[in-house]
**Q** 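Quick one: the structure is below, and I'll ask about it shortly.
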Amino acid sequence: MSNRLPVDFDEGADGSTLWRKSPGGLVTALEPLMRASHGVWVGWPGVADREFEAFENDGITLIPVPLSEQELEDYYEGFSNDTLWPLYHDVIAPPSYHRETWEAYVTVNRRFADAAMKAAALGATVWVHDYQLQLVPRMLRDARPDLVIGFFNHIPFPPYGIYAQLPWRKQIVHGLLGADVIGFQRIADAGNFSRAVRRLFGYSTRGVVIDVPADGGGTRRVVAKHFPISIDAAGYEEIARRPEVQARARQIREDLGNPKTLMLGVDRLDYTKGIGHRIKAFGELLADGRLSVEDVTLVQIASPSRERVGTYMALRDEIELAVGRLNGDFSTISHTAISYHHHGYPREEMVAMFLAADVMLVTALRDGMNLVAKEYVAVRFDGDGVLVLSEFAGAADELKQAILINPHDIDGTKDAIVKAVEMPRRERTRRMRSLRRKVFERDVAVWSASFLRALTGGAAVQAGIPVDLRKSVHEVAAADTLLVALDFDGTLAPHVDKPEDARAIAGTREAVQRLLDLPGVRVAFVSGRALVSLRRVAQPQDGVLLTGSHGIEIQLDTPGIELNLVSEELEQLSVLGRILDAISDSVEGTSVERKPAGIALHTRLATAEAAAVAQSEARRQLGEELPGLTVRDGKNVLEFSVRSVTKGEAVELLRAHTGADRVIYAGDDVTDEDAFAVLSDKDVGVKIGLGPTLAGYRVRSPAEVTQLLTLLAEARESTNR
Ligand code: GDG
């Protein structure tokens, strides 16, 4: 589901309806999958006050959602583009807050949700896109709890201090939390969202996991994580390699008088893109004489956008005034300083421009990702060209070999432009090569696959080690220091009925020993079990680091078990002990059990009445004295913990302890998701078995884990360290 269908409406001369495909990266990535799964796309067809039946386009069913002219004004131009857009882009332009446009937003979101519900089969996966439809996930969940719901936010999510302005801030976050997975462009966006959840609802968050109270009691797990979007890189390169496109690139340079340096900007005409800042920097460089109009031309494509929104009209006037002024001041009869175009162009023409441009300027003041930056890189199969990229664009997280700028710093931007113009060929190729590697490794297919993998957990898992995992194992094997962190039950040992009977499968011990014998490799077991129990069943060899009780107990290179608790928590633990001891002394049939980070009050042997008294007394006293405790209600047991440490924290601790630069983590349980959540792009996460996961890879069973460890040992041995 997205605001717009991936087609444009057109009318034939005879009044017939024509649909022109508008191919974007999203469509390219999802098309094969949607065809194979009988997918439907729900969206607005791009024309107001018209109703259309569902229709088929290239094997995908499109379901048009109608919008009236008034709704277009209120829901789309108003609330989406005049409230949410500026608010989410750090209030670069002042957002407007109007109750009528909010109401239209609710109405239209409801219509989209209804259309999707009608189309979705039982248990279907629904992927909702972007800020225009943030209420849809909750509407779907309330009416159709059978659905698997994902949401991807294409634009930034602002810090809470800004987001808090929104009069409907709670409704929007509540709407989004209807999803199972909420995707963002950058780590920072996902963090901002989680903070908003904590501030507005007080729900607890652990890494990328948010525990949302579920309707029928208990909690539902929502993942808020970054999934940086990308492009169909190979598709762009293919266009660039066409002889006619290359000829066109040469022609463009020629038509511009063959300037020494051709600089290019391609943006929707939007205040977030920093077009004015770019023009100012360029103008000053011409005025200072650091660049000359004889040598350098800037081509600025500003494609028309949101032309009926007031701020955009004002922006167009402002930009065109600046362009006109600059050209008036600096252009000569034979050389134009800025070649400005307020048009949209066919994709081939865009690619020819990218090929023709020596320097690409992306100076966004705030941008979710900025696909133009990635497109420029994908097109440059010649290995040439310099990308100047704003650090406020999401792309800057990945494209570190660009010249990164702060566009608000005009002097810095000017220096960056000069550096780009003067950059020697060798440095240009070196940087471009690394940029291309990034863009081709993580194209839009990788993006959609990783989002959907997190959302649906994939289908049946095949036996053996997948090819892409083998490749990654070879990569991590080359680390300076490698940490191999492994869950035990379900990962090294098959699950059994009696926990004390669990044993690692044959071959595991040998594989672990082989890894332990290699320099620069550390092995750790990360278990939910208490360490005493883990040591009994796993019988770890010397040198294996241990963490138990989900990270509370640790045994690193020391003989004894340590508790990963801060002094304040130890203090709480002793208060807790005092209170519960007193209660159990005074109520017959109750007893206390001390755990590493908490204490349980058992009431199994007490009368129902006495049990109720003991439990309510414990809750009351602890509520007063230690209000922050985690309380777990079990059968005849009430458990209080001073801390809920996770396996994620355990992995961070092990990483710090070992100084590892790469981590490979394998686990099968939901608690292992906390560990997957703290892995970086360079680490390898392996989920064992079915179920949703944040891990990048999946294998079927402990047998594969043992194979994997052996493979890792072999790869490490062959690096000849
Ligand atoms: C939003 C977020 C995020 C532009 N002019 C022409 C044309 N384009 C194409 C570009 C590019 C696309 O439009 C623009 O994508 P961007 O990513 O640069 O920016 P937004 O439109 O603001 O997109 C953004 C994106 O969603 C995806 O998640 O990256 O941060 O704001 O593909 O090439 N294409 C053609 N003619 C034009 O004149 N053919």
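When a ligand or atom number is given, it counts from 1 through the structure's own listing order.
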**Q** Between Tyr340 and Gln300, is any side-chain donor less than 3.5 angstrom from a side-chain acceptor?
**A**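 Result is no, nothing qualifies.
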**Q** Can you list, pair by pair, the side-chain donor-acceptor contacts under 3.5 Å of residues 150-162, counting residues two or more places apart and other chains?
**A**
| from | atom 1 | to | atom 2 | distance (Å) |
| --- | --- | --- | --- | --- |
| Asn153 | ND2 | Ile155 | O | 2.7 |
| Asn153 | ND2 | Pro156 | O | 3.4 |
| His154 | NE2 | His129 | ND1 | 3.0 |

**Q** Between Trp19 and Phe9, is the ring centroid distance below 6.0 Å?
**A**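 Under 6.0 Å, so yes.
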**Q** With no hydrogens and no angle check, do the side chains of Arg316 and Tyr312 hold a donor and an acceptor under 3.5 Å apart?
**A**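 Distance-only check fails for Arg316 and Tyr312.
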**Q** Measuring from each atom of ligand 1, which residues have a heavy atom under 4.0 Å away?
**A**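 Within the 4.0 Å shell of ligand 1, which is judged on heavy atoms, sit Trp85, His154, Gln185, Ile229, Arg268, Lys273, Ser303, His343, Gly344, Tyr345, Pro346, Arg347, Met350, Asp367, Gly368, Met369, Asn370, Leu371, Val372, Glu375.
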**Q** So is Arg436 actually on top of Phe381's ring, under 6.0 Å and inside 45° of the axis?
**A**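 No, Arg436 and Phe381 do not form such a contact.
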**Q** Quick one about Gln132 and Tyr75 (side-chain donor to acceptor, distance below 3.5 Å, no hydrogens or angles considered), yes or no?
**A**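 Tyr75 vs Gln132: no donor-acceptor pair found between side chains.
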